[in-house]
Chemist: 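Sharing a structure here in structure tokens format.
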Amino acid sequence: MKRSIAWIALIAFTLLPALWAADAWARAGGGSSSGSRGSRSYSAPSAPSASPGSSSVSRPAPPPPTSYQQPAPGSRPGWGGMLGGLLLGGALGALLFGGGLGHGGIGLLEILLVAVLAYVAFSFMRRRTAAATPAGYADPGASPASWRPEPQTPSPAQSTMVASPSGADADLARGVAHIRQMDPGFDPARFGEPATDVFFRIQGAWMARDMASVRAVLTAELHATLQAQCDQLRAHGRINRLENIAVRSVDVTEAWQESGQDFVTVRFLANLLDFTTDESGSRVIEGSRTEPVKFEEYWTFTRPVGPGNWRLTAIQQPG
């Protein structure tokens, strides 16, 4: 009996991430980190220096798709979260009452499974709560600098503990120098324009739920990830609509080489209307048609060392 309960709990633990993933989408990549940054995949991206060179671009959102696939009969939005909760609740109930207290007590395996499932549930809810917190909206006429918190002067004791920003600047300068050894024409100040073009193209493909049109500017790994998320949207009869996109600043924050590849990370600061509807577009499931949201993301591009076309390899959230 206990072995069966343990298997149920393990199955629930395995399925919960996939089931919960169907509950929220926000712009390309779902507002989460995905893709590969080589050896820096598990490192937080570097923020821009205190006075970065940046550019601002405002464009209308890509036109919405003209045809939609109807959801399968009987499908309902949000079933993933509900089923995940039922699996978790059923497994915990069976552990505590079906196979434990009434039949000789809870074993070590059951206690460990309960602890793991509780931790996963708590971590997920904390991330969802943070992601669902509405971001502030900046006046379209405001400069990018107004989006940053007011600078604070550290005390003498604190100043010895704060890392100098010159470290990130030196790393960027060193990476640019390495890239220029094989591509003398590489200019990080001009990299923002093609990166922004890719940004808008991918958002348009995301809203159409078909990444085929941007396959050439994505690595195979990231293309597969984004297309799988688009397929989930289509399967659940949802469309993530992105309107009034305004990119407020574009800053190259990292550049490096490894394993015969060039890497460049660009930080986008933007705001837009980001909401999810049903297939008809008449019912808003998530987000708002009228309340813009602000977001910060780091997009990393890669190519073989030397002159050549860049491909997006990762989308990473700050922190």
Side-chain angles (χ1 to χ4, degrees), residues 26-49 52-55 57 62 167-206 210-230 245 247 249-270 295-319:
R27 62 190 177 272
S32 60
S33 297
S34 57
S36 171
R37 289 179 5 110
S39 63
R40 303 191 185 191
S41 295
Y42 301 101
S43 301
S46 297
S49 58
S54 63
S55 58
V57 182
D169 292 341
D171 178 72
L172 174 59
R174 183 167 52 250
V176 169
H178 289 163
I179 293 175
R180 283 176 173 167
Q181 289 178 356
M182 297 298 294
D183 181 8
F186 174 74
D187 183 359
R190 299 173 58 186
F191 194 82
E193 183 175 351
T196 302
D197 289 339
V198 172
F199 176 87
F200 278 97
R201 288 179 60 189
I202 288 178
Q203 302 299 348
W206 173 262
D210 185 359
M211 307 305 293
S213 63
V214 292
R215 183 188 295 269
V217 297
L218 294 169
T219 60
E221 177 186 355
L222 189 57
H223 175 269
T225 298
L226 295 178
Q227 185 58 56
Q229 293 171 349
C230 289
I245 305 175
V247 177
S249 66
V250 184
D251 304 293
V252 173
T253 64
E254 292 178 284
W256 75 99
Q257 288 181 330
E258 63 176 86
S259 303
Q261 296 285 122
D262 290 332
F263 289 88
V264 173
T265 295
V266 177
R267 179 246 204 179
F268 288 100
L269 189 63
F295 69 91
E296 176 185 15
E297 283 185 342
Y298 292 78
W299 288 36
T300 298
F301 298 82
T302 189
R303 68 178 181 183
V305 168
N309 296 326
W310 293 89
R311 292 172 180 256
L312 181 66
T313 184
I315 300 175
Q316 197 167 17
Q317 304 307 309

Chemist: Could you grab the distance from atom CG of Leu222 to atom OG of Ser36, nearest 0.5 Å is fine?
Modeler: 10.0 Å
Chemist: May I ask you to test the Leu269-Asp251 pair for a side-chain heavy-atom distance under 4.5 Å?
Modeler: no
Chemist: Does the pair Arg303/Asp183 count as a salt bridge with the N-to-O cut at 4.0 Å?
Modeler: yes
Chemist: side-chain contact (heavy atoms from CB on, under 4.5 Å), that's the test. Do Asp210 and Cys230 meet it? Break it down for me.
Modeler: CA-CA 6 Å; Asp210 185 359; Cys230 289; over 6 Å; no
Chemist: Between Glu296 and Arg267, does at least one N-O distance fall below 4.0 Å, as a salt bridge requires?
Modeler: yes
Chemist: Are the side chain of Ser259 and the backbone of Gln261 linked by a donor-acceptor contact shorter than 3.5 Å?
Modeler: no
Chemist: Check whether any side-chain heavy atom of Val266 sits under 4.5 Å from a side-chain heavy atom of Thr196, and report yes or no.
Modeler: no
Chemist: Keeping the roles fixed (side chain from Thr253, backbone from Ser46), state whether a donor-acceptor pair exists under 3.5 Å.
Modeler: yes
Chemist: What's the separation between atom OG in Ser41 and atom CD in Gln316, rounded to the nearest 0.5 Å?
Modeler: 7.5 Å
Chemist: Any donor-acceptor pair under 3.5 Å linking the side-chain atoms of Glu297 with those of Gln317?
Modeler: yes
Chemist: Please confirm whether the backbone N or O of Met211 pairs with a side-chain atom of Gln227, one donor and one acceptor, at under 3.5 Å?
Modeler: yes
Chemist: Hey, would you say the Phe268 and Phe199 ring centroids sit under 6.0 Å apart?
Modeler: yes
Chemist: Can you give me the closest heavy-atom contact between Gly38 and Phe263, atom names plus distance?
Modeler: N-CE2, 4.2 Å
Chemist: With side chains defined as the heavy atoms from C-beta onward, is the minimum distance between Thr265 and Trp299 less than 4.5 Å?
Modeler: no
Chemist: Where is the tightest heavy-atom contact between Met182 and Pro307, given as atom of each residue plus distance?
Modeler: O-CD, 3.2 Å
Chemist: Looking only at heavy atoms, which two atoms of Leu172 and Val252 are closest? And how far apart?
Modeler: CD2-O, 3.6 Å
Chemist: Has the side chain of Arg180 got a donor or acceptor atom that lies under 3.5 Å from a matching backbone atom of Phe186?
Modeler: yes
Chemist: Does the side chain of Trp310 reach to within under 4.5 Å of the side chain of Asp262, using non-hydrogen atoms?
Modeler: yes
Chemist: Could I get the full list of ring pair (Phe, Tyr, Trp, His ring centres under 6.0 Å) partners for Tyr298, not counting sequence neighbours?
Modeler: none
Chemist: Would you indicate whether the side-chain heavy atoms of Trp206 and Gln229 approach each other to under 4.5 Å?
Modeler: yes
Chemist: Thinking salt bridges, do Asp169 and Arg174 make one under a 4.0 Å N-O criterion?
Modeler: no
Chemist: Can a donor-acceptor pair be found between the side chains of Thr313 and Arg37 at a distance below 3.5 Å?
Modeler: no
Chemist: Give the minimum heavy-atom separation between Ile315 and Ala28, together with the two atoms involved.
Modeler: CD1-O, 4.2 Å
Chemist: Could you please spell out the steps behind the side-chain contact (heavy atoms from CB on, under 4.5 Å) verdict for Val198 and Val214?
Modeler: CA-CA 8 Å; Val198 172; Val214 292; over 6 Å; no
Chemist: With a 4.5 Å heavy-atom cut-off, do Thr219 and Leu312 have their side chains touching?
Modeler: no
Chemist: Does some side-chain heavy atom of Arg201 sit less than 4.5 Å from a side-chain heavy atom of Ser213?
Modeler: no
Chemist: Just checking, is any N or O donor in the side chain of Glu258 or Trp256 under 3.5 Å from an acceptor N or O on the other one?
Modeler: yes
